[in-house]
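What follows is a single structure, written as structure tokens, with notes after it.
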There are 4 protein chains.
Amino acid sequence: MSSTSQPRRGNTRQRIQDVALELFAEQGYEKTSLREISEKLDVTKAALYYHFKTKEDILVSIFEDLNRPVTDVIAWGREQPRTLETKKEILARYSEALTKAAPLFRFMQENQATVRDLSIGATIKDRVLGLVDLIKDPDAPLTDQVRCLSAIFTLHAGMFGLKDIDGDAEDKRKAVLEVAVDLVTRAHDPGADR
Amino acid sequence: MSSTSQPRRGNTRQRIQDVALELFAEQGYEKTSLREISEKLDVTKAALYYHFKTKEDILVSIFEDLNRPVTDVIAWGREQPRTLETKKEILARYSEALTKAAPLFRFMQENQATVRDLSIGATIKDRVLGLVDLIKDPDAPLTDQVRCLSAIFTLHAGMFGLKDIDGDAEDKRKAVLEVAVDLVTRAHDPGADR
Amino acid sequence: MSSTSQPRRGNTRQRIQDVALELFAEQGYEKTSLREISEKLDVTKAALYYHFKTKEDILVSIFEDLNRPVTDVIAWGREQPRTLETKKEILARYSEALTKAAPLFRFMQENQATVRDLSIGATIKDRVLGLVDLIKDPDAPLTDQVRCLSAIFTLHAGMFGLKDIDGDAEDKRKAVLEVAVDLVTRAHDPGADR
Amino acid sequence: MSSTSQPRRGNTRQRIQDVALELFAEQGYEKTSLREISEKLDVTKAALYYHFKTKEDILVSIFEDLNRPVTDVIAWGREQPRTLETKKEILARYSEALTKAAPLFRFMQENQATVRDLSIGATIKDRVLGLVDLIKDPDAPLTDQVRCLSAIFTLHAGMFGLKDIDGDAEDKRKAVLEVAVDLVTRAHDPGADR
DNA sequence: GATGAATGAGCTTTCATTCAT
DNA sequence: CATGAATGAAAGCTCATTCAT
């Protein structure tokens, strides 16, 4: 009586999150139905409702779990002096955080319209804005402010836009980080090399 | 004779496209129903089907109309010498094209997951790749290739990521373009100032 | 100015009937839409409404045109003496009428449920009953009455049920007729060869 | 505890099949909507989709359940010697099978055009052809092959074509069977009484 | 003799969600 | 810890039909 069936431990909640994220990232949030998730898990739809209150709640819980590292980076950044060194370190940590929870961030990137008016929407926006604020100087020339924004978006873009360039994944990540760091450096210390 | 039950003018097709794009951009493709579109136009859903074969077809038709300028930029770029001047001009033209059809590109940015497996998905990917190819040198160091990618994505990001920075819209556009040009310049002529 | 387009004569009504019957027989009445008919004819749906009042009206008109021969057979039969010779002749004429308007009768055979509550439904039933009445003797033993019914249905079945038997179409028709005649003969003159 | 809002018994699936078959037979497949079925059952349309994947699936499930006896007759026939006795027995068993699932077969008879391109279409054709093959000799004269076909169609026709002849239902069935047997007998042993 | 534009009703299907067991 | 059965709402889509031009 202990064969064929699933690993009967209390890890169902986790499994739901895993499968859900996989499908959300692959197909988008709206196009993924609870039926699909439950079938892939070989449980009933009702089982999902035992573990989560709504479909949105599944996504929120995933987000809350995986977004922690990013929150941490921001929290950490807020307590550091606003030096160039700090900014570089923020980028490095953010890059790493993104990489670790790549499927979630890919999902968020590709489902902005959906995510925007879900409850996490505001959170996400705040997060990115918080990051940018740590890096850019509101009194700097517009161009330099754009550079900082661009640095963050470069990290984002680096996660998906490089599939068609060949090279080792880690190498690519480093190159992306380097470009971002470069942008922020130029923004931080304008005139340095122009 | 200009009131109640407006006299079926011949511009319905255009009006459908306008309203649809507006709603698609605002709420996302999936969350915009044909009922919503038709109600806003004060026609029946069936009327939409007189003008378009499917919901997707509405989007495709909008895309085909508004994407033309971008196609043109790529076509033009392909026939120019691959000089730095050309690259700058491409960025400038692309920036302008994006601005002119901002709602469409905002929509595409925020609905990537959806758009990906619609029929226009491939077209879009090709378009961006085509642009990047015009700008980057496949034999350049990875970092410089990333710079080119980053330049394009900076233009994209500039359309929505700057709402929280104040300043005149046109000023911002120029700043964004300047950063993009700078990135490409550094990629084109590496070592210049490092 | 007289090339590419359709044979611009006033034969549209006829062409509609032809195409409609073809599609009705092929796909069934309900599954054939007016859009399909009009597209195949390269006219608009509205054009169909110029020539016919409703979809049903198209079918009715076809029926009225093609059913005439059968009506004639019955009318003729009613004025003949009720001899075996007459019955044989009725079967022969009916067989011929069926063959000539095969698509219509195939259609009616395969769409009984539909046709039943169309306005022609009653007509059709009357027609078959009328035929059977000409052939069977209401006072004959049940078995012989069934033989007469069977004779008629054999003619019907012969139109479609023989596709998997090989042989010349006309040969098959004759064989079918022979069996039908035989059935009626046995019913007419019971005990003859038993 | 037996009134209002009946206590969701476990027989809903069966009830759906019953009501569906009733309506399909009465009005035809296309003209019967799921709304109609669900209203007659006092459940929602969505409930139907809990039990069946599609409208077609409802029909298929009915067919699979009720067609079994016919399949059995053919299977049985295939293992018997091809004697006249066997053939008679096949007809008898087939007649009985038809009678027991009369509504289904009435439906199939009257909705051939519809059923033809549903997934059961091929099955049905094979079934009739299988039966005919058990009875007719492919080397016999064409007329005798027709007799066999006619025998089978006589059984079919007997189910609906006799409503206007009075007499006890079982008597009529026997008469029909007798005529069919007679046809096959004459086909099996040609020349006997001609 | 036809078309262009539209409608109203209806269809099959899908979805997130609920709740008694 | 989960299921079986069901719901209410809505979606995308198709159809026969109408009517001014």
Side-chain angles (χ1 to χ4, degrees), chain A residues 6 8-13 30-38 41-58, chain B residues 5-13 30-38 41-58, chain C residues 8-13 30-38 41-58, chain D residues 5-13 16 30-38 41-58:
Chain A
Q6 56 265 48
R8 55 254 166 272
R9 276 191 292 134
N11 61 345
T12 303
R13 195 188 142 92
E30 336 254 1
K31 267 173 348 210
T32 301
S33 69
L34 296 187
R35 181 179 55 67
E36 217 172 345
I37 296 176
S38 65
L41 283 166
D42 211 41
V43 295
T44 57
K45 264 185 295 174
L48 304 184
Y49 280 90
Y50 178 79
H51 294 282
F52 299 94
K53 263 194 356 227
T54 63
K55 182 185 182 184
E56 183 173 346
D57 195 37
I58 299 180
Chain B
S5 83
Q6 48 247 58
R8 293 162 170 198
R9 328 183 211 94
N11 59 344
T12 304
R13 195 190 143 95
E30 336 255 1
K31 266 171 353 209
T32 302
S33 71
L34 297 186
R35 182 184 50 71
E36 217 172 344
I37 297 176
S38 65
L41 284 165
D42 208 42
V43 294
T44 60
K45 266 182 295 171
L48 305 185
Y49 280 92
Y50 176 76
H51 294 281
F52 300 94
K53 271 213 317 258
T54 61
K55 182 184 182 185
E56 182 173 346
D57 195 37
I58 299 181
Chain C
R8 54 258 166 267
R9 275 189 292 135
N11 59 344
T12 304
R13 195 189 142 93
E30 337 254 1
K31 266 168 359 208
T32 301
S33 69
L34 296 186
R35 180 179 54 67
E36 216 172 345
I37 296 175
S38 65
L41 283 166
D42 211 40
V43 295
T44 57
K45 263 185 296 173
L48 305 185
Y49 280 89
Y50 178 81
H51 293 281
F52 299 94
K53 263 198 351 230
T54 63
K55 183 185 182 184
E56 184 173 345
D57 194 38
I58 299 181
Chain D
S5 83
Q6 48 247 59
R8 294 165 169 196
R9 332 185 208 93
N11 59 344
T12 305
R13 197 189 140 95
I16 293 172
E30 337 253 359
K31 267 170 357 207
T32 301
S33 72
L34 297 186
R35 180 183 53 68
E36 217 172 344
I37 296 176
S38 64
L41 283 166
D42 207 43
V43 294
T44 59
K45 267 181 294 169
L48 305 185
Y49 279 90
Y50 176 77
H51 294 281
F52 299 94
K53 274 212 320 256
T54 61
K55 183 185 181 184
E56 182 174 345
D57 195 37
I58 299 180

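So that the names make sense, note that chain A is the first sequence line, chain B the second, and so on, each numbered from 1. Side-chain atoms are counted along with the backbone in the values below, which use heavy atoms only and exclude waters and symmetry mates.
- Between B:Thr12 and E:dA6, a side-chain N or O to OP1/OP2 separation shorter than 4.0 Å is present.
- Contact annotation for A:Ser38: no contact, since no heavy-atom pair falls under 4.0 Å across all strands.
- OP1 or OP2 of F:dC15 has at least one side-chain nitrogen or oxygen of C:Arg35 nearer than 4.0 Å.
- D:Val43 is not listed as a side-chain neighbour of D:Ile16, based on a closest heavy-atom distance of 4.5 Å or more.
- Positionally, the nearest nucleotide of DNA chain E for A:Glu30 lies more toward the 5' end than for the other of A:Glu30 and A:Ala46.
- Closest contact between the side chain of A:Lys55 and the listed nucleotides F:dC15, E:dT17, F:dA11 involves E:dT17.
- Side chain of A:Tyr50, nearest nucleotide from E:dA6, E:dT13, F:dC1: F:dC1.
- Along DNA chain E, the nucleotide nearest to B:Arg13 and the one nearest to A:Lys31 differ in position, and the one closer to the 5' end is contacted by B:Arg13.
- Nucleotide F:dT17 has E:dA6 as its partner under the Watson-Crick or G-U criteria, with both atom distances under 3.5 Å.
- Nearest to the side-chain atoms of A:Leu34 among the listed nucleotides E:dT17, E:dT7, F:dT3 stands E:dT17.
- No side-chain heavy atom of C:Ser38 sits under 4.5 Å from any side-chain heavy atom of C:Thr44.
- Of all nucleotides listed (E:dT12, F:dT14, F:dC19), E:dT12 comes nearest to the side chain of D:Ser33.
- Phosphate contact (OP1/OP2 of F:dG4, side-chain N/O of A:Thr44, threshold under 4.0 Å): absent.
- Counting distance only, with no hydrogens placed and no angle test, the side-chain atoms of C:Lys45 and the base atoms of F:dT17 include a donor-acceptor pair under 3.5 Å.
- Minimum atom distance to the side chain of A:His51 is reached by F:dA2, of the listed F:dA16, E:dA2, F:dA2.
- The two atoms that bring B:Thr32 and B:Lys55 nearest to each other are O-NZ, 2.9 Å, heavy atoms only.
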